[in-house]
Amino acid sequence: QVQLVESGGGLVEAGGSLRLSCKASGSISGINAMAWYRQAPGQRRELVAAITVGGRIDYVDSVKGRFTLSRDNAKKTAYLEMTSLKPEDTAVYYCMRSGIWGQGTQVTVSS
């Protein structure tokens, strides 16, 4: 059974940076295709960034140029490097792979 565990969230001032990690465990050969989502209070879960098996990466417009998704298949871990953070980036961030979700990690950006 595959499990995903996010980490790296926290409280940061506007303009700051955080790096989220999503580590996969269980019967999985690599992190392969996966996606990062976020959900702010009272809002729908939003796709933030996604990577395909072939390595193509797409970002939602609001984070382009500020967030970077990467993966390390040997470590079965994906990362979301977030820079120039804004208060509107505040949300619980989730990773998802093949319909399996992690528990989420809280990111709070103060103004």
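From a predicted model like this one, the values you see are computed outputs, not experimental measurements.
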Residues R38, Y93; criterion side-chain hydrogen bond (donor to acceptor under 3.5 Å, both in side chains); working and verdict: CA-CA 4 Å; R38 67 185 178 186; Y93 284 71; 2.9 Å; yes
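At a threshold of 4.5 Å between non-hydrogen side-chain atoms, the residues D58 and R56 count as touching. For the pair V60 and E46, the minimum side-chain heavy-atom distance is below 4.5 Å. A heavy-atom distance below 4.5 Å is found between the side chains of C95 and M34. Using a 4.5 Å heavy-atom cutoff, the side chains of Q103 and E6 are in contact. The closest side-chain heavy-atom distance from T77 to R71 is not below 4.5 Å. Inter-residue side-chain proximity for Y59 and V48 is flagged as unmet; no heavy-atom pair is nearer than 4.5 Å. By the 4.5 Å heavy-atom criterion applied to side chains, Y79 and L20 are not counted as neighbours.
Panel note: side chain Q106, backbone G10; no donor-acceptor pair is recorded below 3.5 Å. The closest donor-acceptor contact from the side chain of N73 to the backbone of K76 lies at 3.5 Å or more, if one exists at all. Side-chain atoms of R44 never come within 3.5 Å of backbone atoms of A40 as a donor-acceptor pair (strictly under, hydrogens ignored). Judged purely by atom type and a 3.5 angstrom limit, K23 uses its side chain to pair as donor or acceptor with the backbone of K75.
The nearest pair of heavy atoms linking A24 to L4 is CB-CD2, 3.6 Å. When all heavy atoms of V107 and M82 are compared, the pair lying nearest together is CG2-CE, 3.8 Å.
Taking the six-membered ring wherever Trp is involved, the centroid distance between the rings of Y37 and W101 falls below 6.0 Å.
Between the CZ atom in F67 and the CG atom in L18 there is a gap of 9.0 Å [rounded to 0.5 Å]. Taken from CZ in R19 to OG in S21, the straight-line distance is 5.0 Å, to the nearest 0.5 Å.
Between D61 and K64, at least one side-chain N (NZ, or NE/NH1/NH2) sits under 4.0 Å from a carboxylate O, which counts as a salt bridge.
L47 and Y94 fall within a single hydrophobic cluster, where Ile, Leu, Val, Met, Phe, Trp and Tyr are joined by side-chain heavy atoms under 4.5 Å apart, directly or via other members. Residue V109 is grouped with residue L80 when hydrophobic side chains (ILVMFWY) are merged at heavy-atom distances under 4.5 angstrom, including chains of intermediate members.
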